[in-house]
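The sequence lines fix the lettering, A, B, ..., with proteins before strands; numbering per chain opens at 1. Atoms considered below: every heavy atom in the structure, side chains included; atoms not considered: hydrogens, waters and symmetry mates. Everything quoted here is computed from the prediction, not taken from an experiment.
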Amino acid sequence: MKQERIGPVFFQRNPVDCARDLIGCWFEWDGCVGRIVETEAYAAEDDPACHTFFRPSARRFVAGHPAGHAYIYLNYGVHWLFNVLVKDGDMDGFVLFRALEPVAGLEAMRTRRPGCPDHGLCAGPGKLTRAMDIHGGHHAAEFLSRPERGLWRAEPLEIGTGPRIGISKGKELPWRFCAVGSRSLSRPLPR
DNA sequence: GCCAGGATGTTA
DNA sequence: AACATCCTGGCG
């Protein structure tokens with residue numbers, strides 16, 4: 001069951017705590033709902049894997065938007081990736097949404113990802129944006145207060161931690177968070 | 001099951 | 001040139 005709505009204040013903390021605390025929460029977007037089972041944290045300072053490290057435009061985004069707005073970009077020319085801006089004033093950054101367990105709106109998700117088994121519909125950062133129809137048109141959007149979009153607290157889940165995935169620099173940091181035992185992770189947690 | 005390779009656009 | 005990915009096809 002979803003509980004109270006998460007507001008922008010949730011993202012006025014450091015990105016690592018935000019990423020961890022989002023595991024188990026529900027993410028709703030235009031009729032589709034997923035339980036968050038995998039996230040990663042990125043830091044705006046001193047993190048070579050974060051866009052702010054090599055993109056002036058990303059640094060301008062952090063400076064020019066409030067905590068809780070969406071940061072969405074096209075990865076490998078193919079996949080939209082969804083992040084939430086985190087601003088604590090001390091340690092700013094992003095949370096990347098990497099995987100969800102589908103909860104509602106499965107019919108629409110199946111239409112957008114034909115042939116995919118249900119548990120895999122949102123099992124990856126590019127997969128979840130495709131399944132939920134999130135794209136560059138939503139970049140910079142405020143989504144936490146829209147009736148048909150947002151985040152909700154729900155039952156807490158057991159959380160596992162590991163190194164971030166798919167990056168070439170900053171691999172040491174254990175800033176990937178997963179719901180232990182979920183079938184919908186983008187990849188299993190290392191043991 | 002694993003691995004290699006290609007698609008594709010934006011940034012710098 | 002690099003890239004916070006995904007899918008397919010080849011192999012066993």
Pi-cation contact, A/Phe54 with A/Lys169 (under 6.0 Å, within 45°): yes

Sugar-phosphate only, base, or nothing, as touched by A/Lys169 at under 4.0 Å among non-hydrogen atoms: sugar-phosphate

Side chains of A/Lys127 and A/Cys122 in contact at under 4.5 Å (non-hydrogen atoms): no

A/Ser186 side-chain N/O to C/dT5 phosphate OP1/OP2 under 4.0 Å: no

Complementary nucleotide of B/dA7, counting Watson-Crick and G-U pairs under 3.5 Å: C/dT5

Touch class at under 4.0 angstrom, heavy-atom based, for A/Tyr42 against every strand present: base

Sugar-phosphate, base or nothing in reach of A/Arg187, heavy atoms under 4.0 Å: nothing

Between P of C/dA4 and CZ of A/Arg164, the distance in whole Å: 10 Å

N/O (side chain, A/Ser168) to phosphate O (OP1/OP2, C/dA2) under 4.0 Å: no

Face-to-face stacking of A/Tyr76 with B/dG9, centres under 5.5 angstrom, angle under 30°: no

Validation row, ring centre A/His51 to ring centre A/Tyr73 under 6.0 Å: yes

Sugar-phosphate, base or nothing in reach of A/Arg130, heavy atoms under 4.0 Å: nothing

A/Trp29 ring center within less than 6.0 Å of A/His138 ring center: yes

Options B/dT11, B/dA7, B/dG9, nucleotide nearest the side-chain atoms of A/Ser57: B/dT11

Whole angstrom value for the distance that separates P of B/dA12 from CZ of A/Arg60: 7 Å

Presence of A/Arg113 side-chain N/O under 4.0 Å of C/dC7 phosphate oxygens OP1/OP2: yes

Parallel, tilted or perpendicular: ring planes of A/Phe61 versus A/Tyr71, cut at 30 and 60 degrees: perpendicular

Phosphate contact (C/dT5 OP1 or OP2) by A/Arg98 side-chain N/O below 4.0 Å: yes

Nucleotide nearest A/Leu81 when distance is taken to its side chain, options C/dA4, B/dA7, B/dA12: C/dA4

Sugar-phosphate, base or nothing in reach of A/Ile167, heavy atoms under 4.0 Å: sugar-phosphate

Interatomic distance where CZ belongs to A/Phe54 and P belongs to C/dA2 [whole Å]: 12 Å

Spacing between A/Trp80 atom CH2 and B/dT11 atom C1', to the nearest angstrom: 13 Å

Length of the line joining A/Ile134:CD1 and C/dT5:C1', which is rounded to integer Å: 16 Å

From CA spacing to verdict: side chain to side chain contact (heavy atoms under 4.5 Å, CB included), A/Arg13, A/Asp21: CA-CA 11 Å; A/Arg13 299 183 295 144; A/Asp21 290 351; 3.0 Å; yes

d(NZ, A/Lys127; C1', C/dT5) in whole Å: 9 Å

Whole angstrom value for the distance that separates C1' of B/dA7 from CG of A/Leu74: 12 Å

Among B/dA12, C/dA4, C/dC6, the nucleotide that comes nearest once only the side chain of A/Arg55 is considered: B/dA12

Value in whole Å for how far the P atom of C/dC6 lies from CG of A/Leu121: 13 Å

